[in-house]
Amino acid sequence: MTGEVRPVLLDAQGITKRFGGVHALSDVDFQIRRGEIYGLIGPNGAGKTSLFNVLTGIYPADGGRFVFDDRPLIGLKPNEVAEHGVARTFQNIRLFANLSALENVMIGRHVRTRAGVFGAILRDRRTMDEERAIEKDAYELLAFVGVHRRANDLAKHLAYGDQRRLEIARALATEPKLLALDEPAAGMNATETAGLKSLLEQIRARGVTILLIEHDMKLVMSVCDRVLVLDYGKKIAEGPAAEVQRNEKVIAAYLGGGVELAVRRRTSPEVRSAVQ
């Protein structure tokens with residue numbers, strides 16, 4: 001990404017989420033710019049997935065607001081959020097196991113269809129033409145993510161890495177402006193992770209902005225333009241990846257012991273493996 005300042009796509013202000021007496025998110029502010037890959041990191045329990053769930057309408061927010069592409073998202077249902085242009089994947093893969101890879105992607109595309117219930121029942125020419133177009137688009141997306149050779153195989157029979165890619169293809173089928181990925185590299189080997197990095201860059205090249213939760217810090221630091229760091233539901237750092245990985249609060253959050261101890265340990269092998 002060049003040094004140009006791109007327009008804001010998502011503006012989040014004061015996002016708060018409570019579960020009983022526990023604050024999963026506390027007054028979190030951030031902005032995602034069009035065309036960037038924006039990382040969201042933090043230790044386990046930091047509130048990353050809670051933020052995803054609030055953003056995509058799965059959890060209602062207890063405070064704050066999301067403005068996406070100049071439209072408010074707070075209070076919308078997940079399908080309405082998807083219609084506005086936000087698609088997501090999940091930390092635990094959620095595919096239709098007994099449907100083919102092609103059918104899984106076609107389901108994602110139906111958020112943009114026009115036929116409706118009566119068209120599906122009557123199977124008129126317009127509906128059939130639309131179904132053929134959906135199938136064609138779905139196959140092209142499978143080719144884009146590299147799973148087209150398994151198009152007719154049941155999702156449950158695909159290798160783990162291919163299932164991850166299939167879930168991304170299904171999300172892309174909704175034609176998102178923002179693609180939110182929840183730990184897409186989880187469980188991948190080094191070769192698969194390298195392939196994922198290339199795929200993320202190709203998705204961005206197609207004009208899709210990416211929000212990435214990820215524990216693989218090498219992937220985050222190599223592909224993300226900017227990074228937001230949460231700890232105990234609070235924002236502790238935000239900025240270019242190279243700056244965030246040197247932030248003393250971030251090092252302390254990952255290694256424990258407070259900022260003073262983090263300063264003494266920041267050149268240690270543990271620090272380098274955790275945040276570099």
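We're numbering straight along the sequence, starting at 1. Treat the numbers as computed from the prediction; the structure is a model and nothing was measured.
- Listed by first and then second residue, the salt bridge (Lys or Arg N to Asp or Glu O under 4.0 Å) pairs that reach into residues 45-59 come to none, sequence neighbours excluded.
- Using modelled atom types, one side-chain atom of Gln163 and one backbone atom of Leu158 make a donor-acceptor pair closer than 3.5 Å.
- Glu103 places a side-chain N or O within 3.5 Å of a backbone atom of Ser100 that can act as its donor or acceptor partner.
- Two residues are said to be in side-chain contact when any heavy atoms from C-beta on lie closer than 4.5 Å; Val81 and Val86 meet this criterion.
- Counting heavy atoms from C-beta outward, Arg226 and Arg33 have side chains that approach closer than 4.5 Å.
- Of all the heavy atoms in Val54 and Ala61, the pair that sits closest is CG1-CB, 3.7 Å.
- Between the CG atom of Leu172 and the CD atom of Glu167 there is a distance of 11.0 Å, given to the nearest 0.5 Å.
- A cation-pi geometry, defined here as NZ or CZ lying under 6.0 Å from the six-membered ring centre and within 45° of its normal, holds between Arg94 and Phe90.
- Checked by atom type and distance alone, the side chain of Asp162 never pairs as donor or acceptor with a backbone atom of Val147 at under 3.5 Å.
- Ring-plane geometry between Phe30 and Phe66 is classed as perpendicular, the angle between the planes exceeding 60 degrees on a 0 to 90 degree scale with a lower cut at 30.
- Rounding to the nearest 0.5 Å places CG of Asp153 at 13.0 Å from CG of Leu99.
- Remark: Asp182 engages Arg88 in a salt bridge (Lys or Arg N to Asp or Glu O under 4.0 Å) (not counting sequence neighbours).
- Linking ILVMFWY side-chain heavy atoms closer than 4.5 Å, directly or via other members, places Leu154 and Tyr139 in two distinct hydrophobic clusters.
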**OP:** Given side chain to side chain contact (heavy atoms under 4.5 Å, CB included), test Leu199 with Ile168 step by step and report yes or no.
**Re:** CA-CA 10 Å; Leu199 177 59; Ile168 292 173; 4.2 Å; yes
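- Between Lys235 and Glu238 there is a salt bridge, with a side-chain nitrogen of the basic residue lying less than 4.0 Å from a carboxylate oxygen of the acidic one.
- Lys197 meets the salt bridge (Lys or Arg N to Asp or Glu O under 4.0 Å) test with no other residue; sequence neighbours excluded.
- Pro78 has its side chain within reach of Ile58: a pair of non-hydrogen atoms, C-beta onward, lies under 4.5 Å apart.
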Original post:
What's the verdict on side chain to side chain contact (heavy atoms under 4.5 Å, CB included) for Val67 and Ile74, showing C-alpha distance, side-chain angles and the deciding distance?
Top reply: CA-CA 8 Å; Val67 176; Ile74 289 291; over 6 Å; no
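- Leu179 CG to Arg206 CZ: the interatomic distance, rounded to the nearest 0.5 Å, is 11.0 Å.
- Counting only heavy atoms from C-beta outward, the side chains of His23 and Lys234 never approach each other to under 4.5 Å.
- Looking at heavy atoms from C-beta onward, Arg170 lies out of side-chain contact with Thr89 at the 4.5 angstrom threshold.
- Between Ala87 and Thr174, the closest heavy-atom pair is CB-OG1, 3.4 Å.
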**OP:** Tell me, with the steps shown, if Leu40 and Leu211 meet side chain to side chain contact (heavy atoms under 4.5 Å, CB included).
**Re:** CA-CA 7 Å; Leu40 175 57; Leu211 170 58; 4.2 Å; yes
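- No side-chain heavy atom of Tyr38 sits less than 4.5 Å from a side-chain heavy atom of Val227.
- Of the listed residues (Val145, Leu102, Ile93, Val105), just one forms a side-chain contact (heavy atoms from CB on, under 4.5 Å) with Leu166, and that residue is Val105.
- Salt bridge Arg34/Asp69: present, at least one basic N to carboxylate O contact under 4.0 Å.
- To the nearest 0.5 Å, the span separating CG on Leu10 from CG on Leu55 amounts to 6.0 Å.
- Heavy atoms only, all atoms of each residue included: Gly42 and Val229 are closest at CA-CG1, 4.4 Å.
- Looking at heavy atoms from C-beta onward, Thr209 lies out of side-chain contact with Lys177 at the 4.5 angstrom threshold.
- For the pairing with Glu214, the side-chain contact (heavy atoms from CB on, under 4.5 Å) check across Leu219, Ile41, Leu181, Val223 returns one residue only, Leu219.
- Of all heavy-atom pairs spanning Phe68 and Gly85, the tightest one is CZ-O, 3.7 Å.
- A search for side chain to side chain donor-acceptor pair (under 3.5 Å) contacts involving Asn98 returns Lys156, not counting sequence neighbours.
- The side-chain contact (heavy atoms from CB on, under 4.5 Å) check on Asn247 picks up Ala237, Lys249, Val250, with sequence neighbours excluded.
- The closest donor-acceptor contact from the side chain of His84 to the backbone of Glu80 lies under 3.5 Å.
- When side chains are defined from C-beta on, Lys218 does not count as touching Thr193, because their heavy atoms never get closer than 4.5 Å.
- Residues Ser50 and Phe19 approach most closely at OG-CE1, 4.1 Å, considering heavy atoms.
- Interatomic distance, Leu178 CG to Thr56 OG1, rounded to the nearest 0.5 Å: 10.5 Å.
- The heavy-atom pair separating His157 from Arg150 by the smallest distance is O-NH2, 3.2 Å.
- At a threshold of 4.5 Å between side-chain heavy atoms, the hydrophobic network of Ile, Leu, Val, Met, Phe, Trp and Tyr places Tyr160 and Leu200 in one connected group.
- Asp225 and Arg204 are joined by a salt bridge, as a carboxylate oxygen and a charged side-chain nitrogen come within less than 4.0 angstrom of each other.
- In this structure, CG on Asn44 lies 9.5 Å from OG1 on Thr49, to the nearest 0.5 angstrom.
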Original post:
Taking it one step at a time, do Tyr232 and Ser26 satisfy side chain to side chain contact (heavy atoms under 4.5 Å, CB included)?
Top reply: CA-CA 9 Å; Tyr232 293 107; Ser26 299; over 6 Å; no
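- A salt bridge is defined here as a Lys NZ or Arg NE, NH1 or NH2 lying under 4.0 Å from an Asp or Glu carboxylate O, and Arg6 with Glu36 fails to meet this definition.
- A donor-acceptor pair under 3.5 Å links the side-chain atoms of Arg246 to the main chain of Ala242, judged by distance alone.
- For residues 13-28, the salt bridge (Lys or Arg N to Asp or Glu O under 4.0 Å) pairs, not counting sequence neighbours, are Lys17-Asp62.
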